Protein chains: 2
Amino acid sequence: MRPLYHPSLQEITVQGILYALSDPVRVRIYGELVGAECAMNCAAFLSNGNLKLPKSTLSQHFKTLREAGLIRSERQGVELKNSSRCQELKKKFGPMIVSILKAYENEANKSKH
Amino acid sequence: MRPLYHPSLQEITVQGILYALSDPVRVRIYGELVGAECAMNCAAFLSNGNLKLPKSTLSQHFKTLREAGLIRSERQGVELKNSSRCQELKKKFGPMIVSILKAYENEANKSKH
DNA sequence: TCCATTAGTTCGACGTTACGGAACTAAAGA
DNA sequence: TCTTTAGTTCCGTAACGTCGAACTAATGGA
């Protein structure tokens, strides 16, 4: 198992972020991580809510988020602790990411009727 | 040639917009259309600047932008007049699109050194 | 009216990426 | 050492992107 790659702040691109967030599964994961109090492991999303995906697929989605620079994953024992890198990113990208998450939320709220 | 499909405002999704804007070619096109005084035809991008792509590829990119709801294309004689739908979109998505374009601009400016 | 031109779309082949099951690996405990 | 747990990697198949070639629709001559 190769070490997990995390891009440095300079390497993170708008394009990469938009691509990563243009998938509903990844947005759900990222949104939860942003809202989470503490780091979450991948398995939390295996059973969780309406996200029923094979773990190989989930692993790929985490990798995409990680390599886009949106999240950080640290091995802790058997599991991986995932957290959002939102503090760092806010400096570089300003309101972009927040406004994207808000737009998704609005959309979800509207479709409830 | 089938009529060009334009989604209604309600049909436009965050996901579709992010996906459309996660491609450098489409961002360039969209950015220029947002900044343009009047509508531009597709051919303007064929020769233009550093965008050297075959017209079939360009046509696909315009289609993606159009079906994501970002631009409107109207046939006028032989050509297609493309314009951004930014006024409509601003109502629905607030600052999201503007902040994305700004983030791309920042990135472009920084890489100039 | 017919032909040529211009602007863009569609088709089809090829390459790339995504999904998901099966096999694998790394850490930790019995 | 064996087992379990948590993720990753591999690989076959399906979906998507790119671009040349053929096509279509509108317009302007001869």
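Naming convention: chains lettered A, B, ... in sequence-line order (proteins, then strands); numbering from 1 in each chain. These numbers come from the heavy atoms of this one structure, side chains and all, not from hydrogens, waters or symmetry mates. Computed from a prediction, not measured in an experiment: that's the story for all the values here.
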Distance-minimising heavy-atom pair for [X] and [Y]:
| X | Y | result |
| --- | --- | --- |
| B:I71 | B:H6 | O-CD2, 3.7 Å |
| B:P54 | B:L46 | C-CD2, 4.4 Å |
| A:I12 | A:P7 | CG1-CG, 4.0 Å |
| A:E107 | B:T13 | OE2-CA, 3.4 Å |

For the pair made of [atom1] in [X] and [atom2] in [N], what is the distance, rounded to whole Å?
| X | N | atom1 | atom2 | result |
| --- | --- | --- | --- | --- |
| A:L4 | D:dG7 | CG | P | 11 Å |
| B:D23 | D:dG17 | CG | P | 9 Å |
| A:E79 | D:dT8 | CD | C1' | 16 Å |
| A:Q76 | D:dG7 | CD | P | 11 Å |
| B:M40 | C:dA7 | CE | P | 14 Å |
| B:E74 | C:dG8 | CD | P | 14 Å |
| B:K81 | C:dA7 | NZ | P | 11 Å |
| A:L80 | C:dA27 | CG | P | 12 Å |

Practice prompt. Could you check which residues of residues 55-68 of chain B get a heavy atom under 4.0 Å from DNA chain D? Sort them by number, please.
Written response: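 Within residues 55-68 of chain B, the residues near DNA chain D are B:S56, B:T57, B:H61.
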Worksheet entry | Residue of the set A:R85, A:K91, A:K90 for which salt bridge (charged side-chain N to carboxylate O under 4.0 Å, His left out) holds with A:E88 |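 Option passing the salt bridge (charged side-chain N to carboxylate O under 4.0 Å, His left out) with A:E88: A:R85.
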Item to complete: Kindly indicate whether a cation-pi arrangement holds for A:R26 with A:Y19, taking the cut-offs as under 6.0 Å to the six-membered ring centre and within 45° of the axis.
Response: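 So A:R26 does make the cation-pi contact.
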Worksheet item: Are A:L65 and A:V98 grouped together when hydrophobic residues (ILVMFWY) are joined by side-chain heavy atoms under 4.5 angstrom apart?
Response: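 Hydrophobic grouping puts A:L65 apart from A:V98.
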Discussion item. When you measure from the side-chain N and O atoms of B:Y19 to the phosphate of D:dG17, is any distance below 4.0 Å, counting only OP1 and OP2?
Written reply: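 The answer is yes; a side-chain N or O of B:Y19 sits under 4.0 Å from OP1 or OP2.
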Practice prompt. Indicate whether the side chain of B:S99 and that of A:S99 have a donor and an acceptor atom separated by less than 3.5 Å.
Written response: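 A:S99 and B:S99 do have a side-chain donor-acceptor pair below 3.5 Å.
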Worksheet item: In terms of side-chain heavy atoms of B:V78, which of D:dC19, C:dG21, D:dT27 is nearest?
Response: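 Output: D:dT27.
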Fill in: End-to-end axis angle, where each axis spans five pairs of the helix from C:dT1-D:dA30 to C:dA30-D:dT1, to 10°
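Inter-axis angle at the termini of the helix from C:dT1-D:dA30 to C:dA30-D:dT1: 0°.
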Worksheet item: Any donor-acceptor pair under 3.5 Å linking the side chain of A:S59 with the backbone of A:K55?
Response: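 Not confirmed, A:S59 side chain does not pair with A:K55 backbone.
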